[in-house]
There are 2 protein chains.
Amino acid sequence: MAATIKDVARESGVSVCTVSRVLNNTYRNKVSEETRQRVLDVSKKLGYRPSLIARGLKGKTTNLVGLVVPDIAASFVANTLMGIQSVAEDYGYSILVYATLGNPQKDIDYLRILQEKRVDGILWLPLNQPIHEVFEEVANDLHVLQIYNHLEGLKAPALLVNQFKGGYMATDYLIKKGHQRIAHFSAANVTDMHGVQRLTGYKEALKTHNINPDEQIIIETGYHWDGGYKAAERLLKLPAKKRPTALFASTDMVAWGAIKRFKQAGLSIPDDIAVVGYDDIYIADKIDPPLTTISQPKEKLGQVAMDIMLQAISGEPMTSMLFDPELIVRCSS
Amino acid sequence: MAATIKDVARESGVSVCTVSRVLNNTYRNKVSEETRQRVLDVSKKLGYRPSLIARGLKGKTTNLVGLVVPDIAASFVANTLMGIQSVAEDYGYSILVYATLGNPQKDIDYLRILQEKRVDGILWLPLNQPIHEVFEEVANDLHVLQIYNHLEGLKAPALLVNQFKGGYMATDYLIKKGHQRIAHFSAANVTDMHGVQRLTGYKEALKTHNINPDEQIIIETGYHWDGGYKAAERLLKLPAKKRPTALFASTDMVAWGAIKRFKQAGLSIPDDIAVVGYDDIYIADKIDPPLTTISQPKEKLGQVAMDIMLQAISGEPMTSMLFDPELIVRCSS
DNA sequence: CTGTTAGCGCATTCAT
DNA sequence: ATGAATGCGCTAACAG
């Protein structure tokens, strides 16, 4: 189908080798200008494109990096991917994307496939699931960098955002604003450790300021809007003196759901109850009131991840890294 | 680094060929059970993984499909990618993802690279930009399927969603609700034809019902929240009798911005002014009031796109297709 | 300045 | 039932 280097060689009456030299500019000026031009012309005429896969077979690297994540449509993942892409591009690298939908079997499958594809490295957003053996095998073969999460007991580098600190910052900020009763809507399920880390940060901040956490206003809500809405309802049923004056939600969506419910109950935000979210989703500033939240360096993390991967590929060791989240103060607090 | 088929062969004292047979189950039962087991064991012990790139070089297909889009973080793109991924996976295909950020030069670069990677096909979301020559060359070499948009004059199949119809449906719905003065916030820029098609649908619906479009309430706003907010302000300055009773916005975000401004002016939605958006972004039902909007089959389109691509790869011709959008009625209208 | 040769990892005739 | 030989497209020593 596609023209090969042989076709070009035959058509221009030179050897395959000369064609390769011309096209790759190896041994510059070691090919006569005349031959050079002829090869170039024929190559263009035939629409010749070198096969990167043949090159990959020959050489040591495929210029491919795999990305394995639970869900591409999760906005922070998409943003991270954009970051990865932007630096990958500069170095002639391409990204192979896989979504596991939280199914650990797929993590295994994809890691395997990527290995077979001979990618130069894998960026992996693991959930807290038992696939250590496979991982070890794969990581033994190529560079694997964990992002956002890391599996306990895996001696593999990870690029993380300090979720504990995020939880701490949000809570500490509210306390310093004068709040003493601060509720927390958590998403502390077992497969994603972020929620429990944020929760831990929350408790630590309370402790630092000598406030006893009250389990009555720490509610498991999951990640979604509805969870926040319903949990807010529970808060509203509390006797007045038990009611919190502030809320730290584990997710912007949860915060939003809660805000909605609070407003329906006639409460005003932030006067009656202050709210801080987490994630800085792209519509956080459009919520009414604009949401104070914790922001993670999404694109940045993607860029750095790819940078580190590139370095690893060129032989340097990979380093783990811990990013700090950032408090974005808006009007909801 | 990684073990090759040779290593396995040597280690298990058989020929490369036999290993290949065992691992691929070719000529079933033509290999003695004993040899078979030995090969399998050694293979596992060495952690052998066949190189798909060698296989790709040998064979005719690489099991790779490229995806070129302006922006992965755009939510409808991410959803489409999920659809693509889900079927690709079932057929052992992998997706190479590229974002052009609207830069036509990158469309060219990526198309080229993908060609060199010898992908089996490309799913391409083109903007309305002049890269026809390159496209023709690439498409001559492998399957290219346009999605969401199609370039004028390109004899290449496309999977589209009927934007005209979406605009028509939204407007027609509002008219049937009794509205006579319906504003439109458009995003009719030249690189993305969706906006103009929606606008055209809007005008056509008006015409069908014998309503003259009033350019005064057709405002170019772009895609973003701010555009809607500001345009709403212009509407509010209109003398009362000139003011529209309904708005069809080219984007949910624009609709949301407008709603915000209307509410600030003390108007109630939908009583004072009904609003219909476009896209059905995932938070459309969380807006206050929940937004009536036009929904596109995002994941579905991705799935079908990949299906068609797979068919094309297996030799059948590709067919264009036009999906219908759907009106989702919520409370804002 | 240019061509010959070999080899990357694998699947596939064709022999044995 | 198994092995030797070949070729996929390309690059890189090595010759000439």
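Values below: every heavy atom of this structure, side chains too, minus hydrogens, waters and symmetry copies.
Listed nucleotides: D:dT11, C:dT4, C:dT13. Nearest to the side chain of A:Ser15: C:dT4.
The phosphate of C:dC10 (OP1 or OP2) has no side-chain N or O of B:Ser20 nearer than 4.0 angstrom. Checking the phosphate oxygens (OP1, OP2) of D:dA12, no side-chain nitrogen or oxygen of A:Thr26 falls inside 4.0 Å. For C:dG3, one of the phosphate oxygens OP1 or OP2 lies less than 4.0 angstrom from a side-chain nitrogen or oxygen of A:Thr18. Considering only side-chain N and O atoms, A:Lys60 lies nowhere under 4.0 angstrom from the phosphate OP1 or OP2 of D:dT11. OP1 or OP2 of C:dA11 has at least one side-chain nitrogen or oxygen of B:Arg55 nearer than 4.0 Å.
By the 4.5 Å heavy-atom criterion applied to side chains, A:Ile313 and A:His143 are counted as neighbours. Within the 4.5 Å cutoff, the side chain of B:Leu310 has heavy atoms near those of the B:Tyr93 side chain. Proximity of B:Thr62 to B:Lys117: side-chain heavy atoms (C-beta onward) are nowhere separated by under 4.5 Å.
Along DNA chain D, the nucleotide nearest A:Ala54 and the nucleotide nearest B:Arg38 are compared for position; the residue whose nucleotide lies closer to the 5' end is B:Arg38. Two residues, B:Thr4 and A:Thr35, neighbour DNA chain C, and the one matched to the more 5' nucleotide by heavy-atom proximity is A:Thr35. Taking the nucleotide of DNA chain D with the nearest heavy atom to each of A:Lys6 and B:Cys17, the more 5' of the two is matched to B:Cys17.
Straight-line distance from the CG atom of B:Asp141 to the P atom of D:dG9: 12 Å, rounded to whole Å. Atoms CD1 (B:Ile53) and P (D:dT11) sit 12 Å apart, rounded to a whole Å. What separates OH of A:Tyr48 from C1' of D:dT11 is a distance of 10 Å, to the nearest Å. In this structure, the CZ atom of A:Arg36 is 15 Å from the C1' atom of C:dT2, given to the nearest Å. Look at CZ on B:Arg21: it is 10 Å from P on D:dA1, rounded to the nearest Å. Spacing between atom CG of A:Asp7 and atom P of D:dC8 amounts to 11 Å, rounded to whole angstrom units. To the nearest angstrom, C1' of D:dA12 lies 14 Å from CG of A:Leu57. At whole-Å resolution of the value, CD1 in A:Ile5 and C1' in C:dG3 are 13 Å apart.
Residue A:Val16 is in base contact, counting any heavy-atom pair closer than 4.0 Å across all strands shown. Across all strands, A:Ser51 comes closer than 4.0 Å only to sugar-phosphate atoms, never to a base (heavy-atom distances). Across all strands shown, B:Val19 has no heavy atoms under 4.0 Å from either base or sugar-phosphate atoms.
For a distance-only test at 3.5 Å, the side chain of A:Arg49 fails to qualify as a donor-acceptor partner of the base of D:dG9. A donor-acceptor contact under 3.5 Å links the side chain of B:Lys58 to the base of D:dG7. For B:Arg118 and D:dG9, a side-chain-to-base donor-acceptor distance below 3.5 Å is absent, hydrogens and geometry of angles not being considered.
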For a quick test of your reading: what N or O donor-acceptor pairs under 3.5 Å do the side chains of residues 63-75 of chain B make, sequence neighbours left out?
{"residue": "B:Asn63", "atom": "OD1", "partner": "B:Thr61", "partner atom": "OG1", "Å": "2.8"}
{"residue": "B:Asn63", "atom": "ND2", "partner": "B:Gly92", "partner atom": "O", "Å": "3.3"}
{"residue": "B:Asp71", "atom": "OD1", "partner": "B:Ala73", "partner atom": "N", "Å": "2.9"}

### Query
Step by step, would you call B:Glu116 with A:Arg55 a salt bridge (Lys or Arg N to Asp or Glu O under 4.0 Å)?
CA-CA 10 Å; B:Glu116 298 185 350; A:Arg55 216 175 254 174; 5.4 Å; no

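Taking a cutoff of 4.0 Å between a charged side-chain nitrogen and a carboxylate oxygen, B:Arg10 and B:Asp7 qualify as a salt bridge. Remark: A:Lys106 engages B:Glu89 in a salt bridge, criterion side-chain N to carboxylate O under 4.0 Å.
A:Ser320 places a side-chain N or O within donor-acceptor distance of the main-chain N or O of A:Ala158, the cut-off being under 3.5 Å.
Comparing the start and finish of the helix from C:dC1-D:dG16 to C:dT16-D:dA1, five pairs each, the helix axis swings through 50°, to the nearest 10 degrees.
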